[in-house]
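These notes are about the structure you will find just below.
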Number of protein chains: 2
Amino acid sequence: MNRTASIKDVANQASVAVGTVSNVLNYPDRVSQRTKDRVLRAIDELGFVRNDAARQLRAGHSRTIGLIVLDVGNPFFTSVVRAAEDAAALQGSAVLLGDSGHDAGREANYIDLFQEQRVQGLLISPVGDVSERLDLLRERGVPTVLVDRQADESKFSSVAVDDDAGGYLAARHLLDTGRRRLAFVGGPTSIRQVADRLQGARRAVDEESGATLEVLGSEGQTVLAGRSVGNMLVERGLDGLPEGIFCANDLLALGVMQSLTMTHTVRIPEDVALIGYDDIDFAVSAVVPLSSVRQPTEALGRTAIELLVEEVDSQNATHRAVVFTPELVVRQSTAGPA
Amino acid sequence: MNRTASIKDVANQASVAVGTVSNVLNYPDRVSQRTKDRVLRAIDELGFVRNDAARQLRAGHSRTIGLIVLDVGNPFFTSVVRAAEDAAALQGSAVLLGDSGHDAGREANYIDLFQEQRVQGLLISPVGDVSERLDLLRERGVPTVLVDRQADESKFSSVAVDDDAGGYLAARHLLDTGRRRLAFVGGPTSIRQVADRLQGARRAVDEESGATLEVLGSEGQTVLAGRSVGNMLVERGLDGLPEGIFCANDLLALGVMQSLTMTHTVRIPEDVALIGYDDIDFAVSAVVPLSSVRQPTEALGRTAIELLVEEVDSQNATHRAVVFTPELVVRQSTAGPA
DNA sequence: TCGTAACAATGAAACGATTCAAAGATTGCG
DNA sequence: CGCAATCTTTGAATCGTTTCATTGTTACGA
């Protein structure tokens, strides 16, 4: 088992200096065609592959950006990740992905790991409050951008989506299509996104005289949680139902939809209008195509990278907080009453 | 902006030799308590973080394993990835993830990238045929394990699931519950998994006198593709329907289910039994809980890592091909006829 | 033919951690 | 007190690349 060839082996094989091989690799224009050919042939013969560790060591930093998300299973984050990867690739960096799973310990592990890797910077969707862990990063001078979380601009740059506005959009749409008695499904409200979306919805309802908003707590934002809320609603009978239901995310909405349609007594949207949040792929292909609120995930991921690059390039410590506005996607589940 | 502290800075601060600092980090027992305290304090004061690039350079290899999958969006792979990460973590390695998206070019990029990173080995679910790209890896001596693909044991180790057996299981179950006229939904058959599952199903049908198998091609394995197949079936009317439908994956099955149930004329499982493949999370929470064939994804991921570690440790070139058997998961969608 | 500019190639130094032979300190025992 | 055995600490060498000041070559106009 012969160890992998180094740049020195290539230099020997091609009878040139190591610096020349390096130039062939990094500044081909500086090298004459003749030598270049010889070197390239040697590289081929020896199956030489650059050692990235040595490059990094010399360069003092990697060509890597760390990204820590709360849950890779969540389509919202999957989409942000994809966009960030593409944006990073465009400017020659790769993304290292970490999944904290809402766990502060795992988050801390990834922060340490990424620091050892000397990432150029960090994108992070932090667990809980923006804490001392992050302040430490600031002190260390690790450029950091918060994702899906607004931050004090004096401390960090951030990209986020206005969940209050999203909640308002959803409720406003239900009101605009003539529904008055509304319900919000989601919980626990200790999750910021849930709280903000509810707050926005409440704002819209308060604007409209005669409109009411009932809050139906759920245990998490899953299809099953939605189903149990839906079953509870079915038991009320047709008269007890709200006219419009806004769910804190699409999974909940799909669950509610299943419960309601399974009985074949409640019709969507004729009896009840239903709207979700996130516009996941399954929303289009639900039994009744689901209206939703789309978050500009691609823009989020791309902008996060851009802000990070800004921080890396300019040393001055001015940060920017970018807030995106979500977008209403109307489908059959909230079509006007027949 | 003061650059990050190195082990030398720590040594100065603590008035010891660099070797001592290294020992504190790697062999704490070799160092006296007094010095250890001093060094640790210095590390803390300077905010020292190990430079992984330098470690790797010295060590000659990383503590990283490369994993290239065909599609991270696919729950099957997500699950394999998770299991592999856990197994790798247990023995002190991290997993670098690459998504080829069924594209040979991207696959090649990741292979190169991972070689530059000097990964300990590679787990790969290869695009198309096991090709010269992989032979090159063998020549270079990069330990490699194929995932979800059986391979010539003289060349590679591999872990796979027996898709033929899975197809057999599904069809056998439909037959066992009294269905005779069966249909297979999936395509194109150029995808090995699809072809194997179909072949297994055919085998079961051939065993049973009087049973028939109709093949309904689909364009891909998505919910929408399933919906269009479903719509086509609905148009045939109740009498024209098969008694049991086996879909090449759960997404297809969910699409078919939606088309059939939307009309409220076809009942599942009374009129038609429906079974999918993969047992994704959505299968449980479908309108009618979906029977499926579960693949032992955790075992796949874990075993892949184990085989890789075997290859890394023992230099001898004996490979192993492990094939797992899938498992039937019966739910309401194939309950016995009323 | 000479001088000089432009171009090519050279190779030692540096990056930061780990290793290991060797030196130094400490302990216990006769 | 002297010696050996054990425990600590030292620091130079090493990994593979990139950088850059320096040297060597070539080409061209005067």
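Convention: sequence-line order gives letters A, B, ...; per-chain numbering from 1. These numbers come from a predicted model, not from an experiment.
- Between S15(B) and R50(A), the residue anchored closer to the 5' end of DNA chain D is S15(B), taking for each the nucleotide with the nearest heavy atom.
- We find that CG of N12(B) is positioned 14 Å from C1' of dT10(D), with the value rounded to whole Å.
- When distances are taken from the side chain of R55(B) to each of dG11(D), dT18(C), dT10(C), the shortest belongs to dT18(C).
- In this model, a side-chain donor or acceptor of R58(B) finds a partner on the base of dT14(D) within 3.5 Å.
- At a threshold of 4.0 angstrom between heavy atoms, the contacts of V21(B) with the nucleic acid are absent.
- A donor-acceptor pair shorter than 3.5 Å can be found between the side chains of Q33(A) and D37(A).
- Comment: R302(A) does not engage D86(A) in a salt bridge, judged by the lack of any side-chain N to carboxylate O separation of less than 4.0 angstrom.
- Looking at heavy-atom distances under 4.0 Å, N26(A) makes contact with sugar-phosphate atoms alone, never a base.
- Under a 4.0 Å N-O distance rule, the pair R138(A)/D135(A) qualifies as a salt bridge.
- The separation between I43(A) atom CD1 and dG16(D) atom C1' is 14 Å, rounded to whole Å.
- Considering only the side chain of A54(B), dG16(C) comes nearest among dT8(D), dG16(C), dA9(C).
- Between R118(A) atom CZ and dT17(D) atom P the separation is 21 Å, expressed in whole Å.
- Between T20(A) and dA9(C) there is no side-chain N or O to OP1 or OP2 distance below 4.0 Å.
- Residue whose closest nucleotide on DNA chain D sits further toward the 5' end, between R30(A) and D52(A): D52(A).
- Distances from the side chain of T35(B) to the nucleotides dT9(D), dT10(C), dT18(D) place dT9(D) closest.
- Across dT10(C), dA17(C), dT10(D), the shortest atom-to-atom separation from the side chain of N51(B) is found for dA17(C).
- To the nearest angstrom, P of dA17(C) lies 14 Å from CG of N23(B).
- L46(A) places its CG atom 13 Å from the P atom of dG16(D), with the value rounded to the nearest Å.
- In this model, the phosphate group of dT19(C) is approached by a side-chain N or O of Y27(B) to a distance below 4.0 Å at OP1 or OP2.
- Using a 4.0 Å cut-off, no side-chain N or O of S32(B) falls inside it from OP1 or OP2 of dC7(D).
- Rounded to an integer number of Å, the gap from L57(A) CG to dT19(D) P is 13 Å.
- D37(A) places its CG atom 14 Å from the P atom of dA8(C), with the value rounded to the nearest Å.
- Within the nucleic acid shown, G19(B) comes within 4.0 Å of at least one base atom, counting heavy atoms only.
- Distance, K8(B) NZ to dA17(C) P: 10 Å, rounded to whole Å.
- In summary, R320(A) and E310(A) engage in a salt bridge, as defined by a charged side-chain N under 4.0 Å from a carboxylate O.
- The one candidate from V16(B), N26(B), D9(B), T35(B) that meets the side chain to side chain contact (heavy atoms under 4.5 Å, CB included) condition with V21(B) is V16(B).
- At a threshold of 4.0 Å, the pair D99(A)-R106(A) does not count as salt-bridged, since none of the basic side-chain nitrogens sits closer than that to a carboxylate oxygen.
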